[in-house]
*Asks:* 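To start, I am sharing the structure in question, which I have written as structure tokens.
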Amino acid sequence: MILLQSLRDNTQDIVNALKKRNLDAAPLVENVLRLDEKRRAVQTQLDTILAQNNTLSKEIGMLFKAGKAQEANALKEKTGQLKEDSKKLGETLNSIKDQLQEALYQIPNVPHPSVPAGSSDTDNETVFEEGGIPKLDPNAIPHWELAKKYDIIDFELGVKITGAGFPVYKGKGARLQRALISYFLDKNTAAGYTEIQVPHLVNEASGYGTGQLPDKEGQMYHITADDLYLIPTAEVPVTNLLRDQILNEPDFPIRYTGYTPCFRREAGSYGAHVRGLNRLHQFDKVEIVRVEHPQNSYEALDAMVEHVKQILRELRLPYRILRLCGGDLGFVAALTYDFEVFSTAQDRWLEISSISNFENYQANRLKLRFTDKNGKKVLAHTLNGSALALPRVLAGILENYQTPEGIKIPEVLVPYCGFEIID
RNA sequence: AGAGAGGUGGCCGAGUGGUCGAAGGCGCACGCCUGGAAAGUGUGUAUACACCAAAAGUGUAUCGAGGGUUCGAAUCCCUUCCUCUCUGCCA
């Protein structure tokens with residue numbers, strides 16, 4: 001959530017910057033500032049009344065001790081009105097606070113100056129492109145057909161036991177999945193990220209911490225019996241490890257990587273582009289998460305981008321990097337780079353990683369702070385990215401590495417797979 | 001799931017209606033002591049919000065969370081969440 005203090009201090013700058021999201025934030029911001037002003041006025045009133053009441057109570061206590069019961073009782077009568085007033089004001093204050101909170105939740109993060117203007121994914125800016133697009137056999141086919149041909153992924157079986165979007169990986173397909181997970185984790189730990197295994201279900205507080213709640217309630221699977229949510233990404237449990245923490249400067253940088261399955265309801269997103277592995281309800285992902293000193297967060301973002309580049313180079317997949325435009329930028333992100341792999345067989349780009357700096361937007365909700373050199377408590381910056389999401393990487397490999405003899409396994413994965421070709 | 005115990009500051013732990021934001025200890029920071037260190041010793045050591053231009057300062061809230069009783073609640077009552085122990089179940 002956006003920092004109220006900076007909203008107060010830089011109102012106009014923030015409203016202007018949010019225009020990049022094609023959002024006229026002025027009314028939202030005005031509402032927040034109005035509520036904030038109201039809140040402070042009520043707070044001051046309430047504090048005064050409570051202070052009076054406290055003083056009286058102390059006096060009464062002392063009078064009783066001194067045996068002056070009569071005087072004490074006289075004072076007691078004075079407190080009646082104060083009590084009534086404080087109760088009313090307390091209720092008002094709570095209601096204003098709730099409204100303020102809700103109003104703040106509606107304001108998205110302020111885009112970084114480098115975020116291009118634009119309304120949809122067609123306005124995203126390609127900042128880097130690398131890797132040769134392979135020349136495939138004229139009979140090349142998309143991965144869902146390859147999956148069937150070599151019997152490595154069974155979508156129908158998934159439908160039978162669960163439903164659409166829950167594929168079953170078989171034989172070499174399953175082994176390739178496991179290989180990718182291990183390979184990604186190894187790359188990440190070698191780059192300094194600490195491997196971590198987290199629960200796949202989280203409570204409500206964690207959902208709020210990283211911003212999935214309340215905005216994206218409908219996107220998560222909710223276990224109502226125990227009021228827990230299946231994680232849509234490892235970002236949620238991993239980032240929440242640091243919720244309510246006050247760090248020290250030497251603790252930076254904090255770097256975590258974790259593999260988890262991810263569960264997404266993807267309500268309302270069906271269509272031609274969701275075939276096969278392109279969009280699933282359950283998929284595997286290896287995530288990287290960083291918590292940084294505000295001064296270093298953009299350096300960290302660049303490092304994360306470089307790191308993922310390295311992996312795609314090793315896998316020899318043609319990819320490009322996009323800087324998301326204001327219209328495509330996620331609600332809580334200040335700057336996001338998307339990685340896309342080109343699927344030659346589908347003749348389209350597939351998003352396989354999204355790396356974002358949330359600056360202090362997420363940390364504000366998480367109450368994730370550190371003590372700076374002057375002893376002040378300052379919000380940290382949080383970042384995360386996929387390194388990497390499995391299904392589309394798998395799709396890219398299957399499609400780009402297909403030959404008439406079978407699907408070749410990228411060299412770096414052979415030691416992890418134990419075979420060189422799927423045939 | 002059933003029965004019981006419990007949740008206090010960075011940690012341990014005292015506190016069963018009044019001056020308690022909370023004893024004591026540990027830890028941490030700074031100083032003294034020392035050739036240096038240890039030991040010893042002194043001081044300090046929560047967070048949020050409000051008032052104030054700001055600092056200083058003052059006020060308010062916070063003893064798992066929410067509500068109640070009371071002039072006054074860490075302490076009493078209710079609700080709820082969580083943890084631990086035993087029983088049950090079980091990879």
Side-chain angles (χ1 to χ4, degrees), chain A residues 1-11 32-104 197 199-209 213 222-229 237 240-252 254 261 360 363-380:
Chain A
M1 137 180 94
I2 199 157
L3 204 56
L4 184 55
Q5 189 60 49
S6 67
L7 210 50
R8 269 195 232 164
D9 297 343
N10 316 307
T11 313
V32 164
L33 293 179
R34 192 180 51 82
L35 285 166
D36 176 49
E37 215 165 291
K38 234 165 123 185
R39 190 201 103 248
R40 280 185 289 165
V42 174
Q43 176 100 55
T44 306
Q45 270 187 64
L46 178 61
D47 283 359
T48 312
I49 289 173
L50 288 174
Q52 285 171 18
N53 204 40
N54 285 345
T55 313
L56 280 176
S57 293
K58 274 180 194 160
E59 276 175 42
I60 290 169
M62 292 211 263
L63 287 172
F64 271 124
K65 245 184 195 167
K68 299 176 182 168
Q70 232 174 12
E71 289 177 44
N73 283 324
L75 279 185
K76 266 195 201 181
E77 282 167 31
K78 278 196 188 172
T79 60
Q81 187 61 41
L82 289 176
K83 216 181 160 188
E84 226 171 272
D85 291 350
S86 70
K87 197 174 175 184
K88 267 189 211 151
L89 280 171
E91 278 164 13
T92 311
L93 185 64
N94 279 340
S95 131
I96 294 173
K97 276 184 176 169
D98 287 350
Q99 289 173 51
L100 181 59
Q101 183 82 333
E102 215 166 288
L104 276 170
Q197 280 193 23
H200 301 163
L201 275 74
V202 292
N203 57 28
E204 196 181 39
S206 297
Y208 276 97
L213 294 174
H222 187 195
I223 316 265
T224 49
D226 296 292
D227 200 17
L228 296 171
Y229 295 85
N240 270 283
L241 294 173
L242 295 156
R243 170 154 47 93
D244 289 324
Q245 290 263 310
I246 299 177
L247 305 166
N248 295 305
E249 290 210 18
D251 295 334
F252 295 123
I254 291 173
N360 64 22
N364 192 26
R365 281 202 192 181
L366 290 161
K367 295 205 171 59
L368 168 49
R369 291 167 294 173
F370 68 96
T371 313
D372 75 2
K373 286 190 187 78
N374 305 317
K376 284 223 166 131
K377 305 287 178 289
V378 185
L379 290 169

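Just so it is clear: chains get the letters A, B, ... in the order the sequence lines come, proteins before strands, and each one is counted from 1.
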*Asks:* Distance check needed: B/G10 C1' versus A/Leu242 CG, whole Å only.
*Replies:* 16 Å
*Asks:* Taking atom P in both B/A74 and B/U62, compute the distance separating them and give it to the nearest angstrom.
*Replies:* 7 Å
*Asks:* Classify the nucleic acid contact of A/Asn54 as base, sugar-phosphate or nothing, counting any heavy atom under 4.0 Å across all strands shown.
*Replies:* sugar-phosphate
*Asks:* Can you tell me, in whole Å, how much space there is between the P of B/C77 and that of B/G6?
*Replies:* 12 Å
*Asks:* Rounded to the nearest angstrom, tell me the gap between atom CG in A/Leu50 and atom P in B/A73.
*Replies:* 10 Å
*Asks:* Output the rounded distance in Å from CD (A/Gln43) to P (B/U60).
*Replies:* 12 Å
*Asks:* I need the minimum non-hydrogen distance between A/Ala205 and A/Arg243, along with the two atoms involved.
*Replies:* CB-NH1, 3.6 Å
*Asks:* Can you check the distance between B/A65 and B/A61, where both ends of the measurement are the C1' atom (answer in whole Å)?
*Replies:* 15 Å
*Asks:* Please report the distance, rounded to the nearest Å, between CG in A/Leu368 and P in B/U47.
*Replies:* 15 Å
*Asks:* For B/A38 versus B/C52, give the span between their P atoms, rounded off to a whole number of Å.
*Replies:* 48 Å
*Asks:* Quick check for you: to the nearest 0.5 Å, what is the distance between A/Leu7 atom CG and A/Leu104 atom CG?
*Replies:* 7.0 Å
*Asks:* A/Thr55 and A/Glu59: side-chain donor and acceptor closer than 3.5 Å?
*Replies:* no
*Asks:* Dump every N/O contact between nucleotides 65-71 of chain B and the protein below 3.5 Å, one line per pair.
*Replies:*
| from | atom 1 | to | atom 2 | distance (Å) |
| --- | --- | --- | --- | --- |
| B/C71 | O2' | A/Ser57 | OG | 3.0 |

*Asks:* For B/G27 versus B/U83, give the span between their C1' atoms, rounded off to a whole number of Å.
*Replies:* 24 Å
*Asks:* Taking only N and O in the side chain of A/Arg39, is any of them less than 4.0 Å away from OP1 or OP2 of B/A50?
*Replies:* yes
*Asks:* Both A/Lys376 and A/Arg369 contact RNA chain B. Which one's nearest nucleotide lies toward the 5' end?
*Replies:* A/Arg369
*Asks:* Give the rounded distance in Å between these two atoms: CZ of A/Phe370 and P of B/A46.
*Replies:* 19 Å
*Asks:* Which whole-number value in Å describes the distance from A/Leu75 CG to B/G18 P?
*Replies:* 19 Å
*Asks:* Between B/C20 and B/U43, how far apart are the C1' atoms? Round to whole Å, please.
*Replies:* 23 Å
*Asks:* Looking only at atom P, what distance separates B/C76 and B/U19, rounded to whole Å?
*Replies:* 16 Å
*Asks:* Determine the stems involving RNA chain B; a stem requires 3 or more consecutive pairs of the Watson-Crick or G-U wobble kind, each with both distances below 3.5 Å, and the answer is none if no such run exists.
*Replies:* B:1-7 with B:81-87, B:10-12 with B:24-26, B:27-32 with B:40-45, B:46-51 with B:57-62, B:64-68 with B:76-80
*Asks:* Tell me whether the rings of A/Phe370 and A/Phe252 are parallel (<30°), tilted (30 to 60°) or perpendicular (>60°).
*Replies:* perpendicular
*Asks:* So which heavy atom on A/Ala103 is nearest to which on A/Val32, and how close?
*Replies:* CB-CG2, 3.6 Å
*Asks:* Output yes when A/Asp85 and A/Lys88 qualify as a salt bridge under the 4.0 Å nitrogen-oxygen rule, no when they do not.
*Replies:* no
*Asks:* Taking CD in A/Glu249 as the centre, count heavy atoms belonging to other residues, nucleotides or ligands within less than 6.0 Å. Is the count above 12?
*Replies:* yes
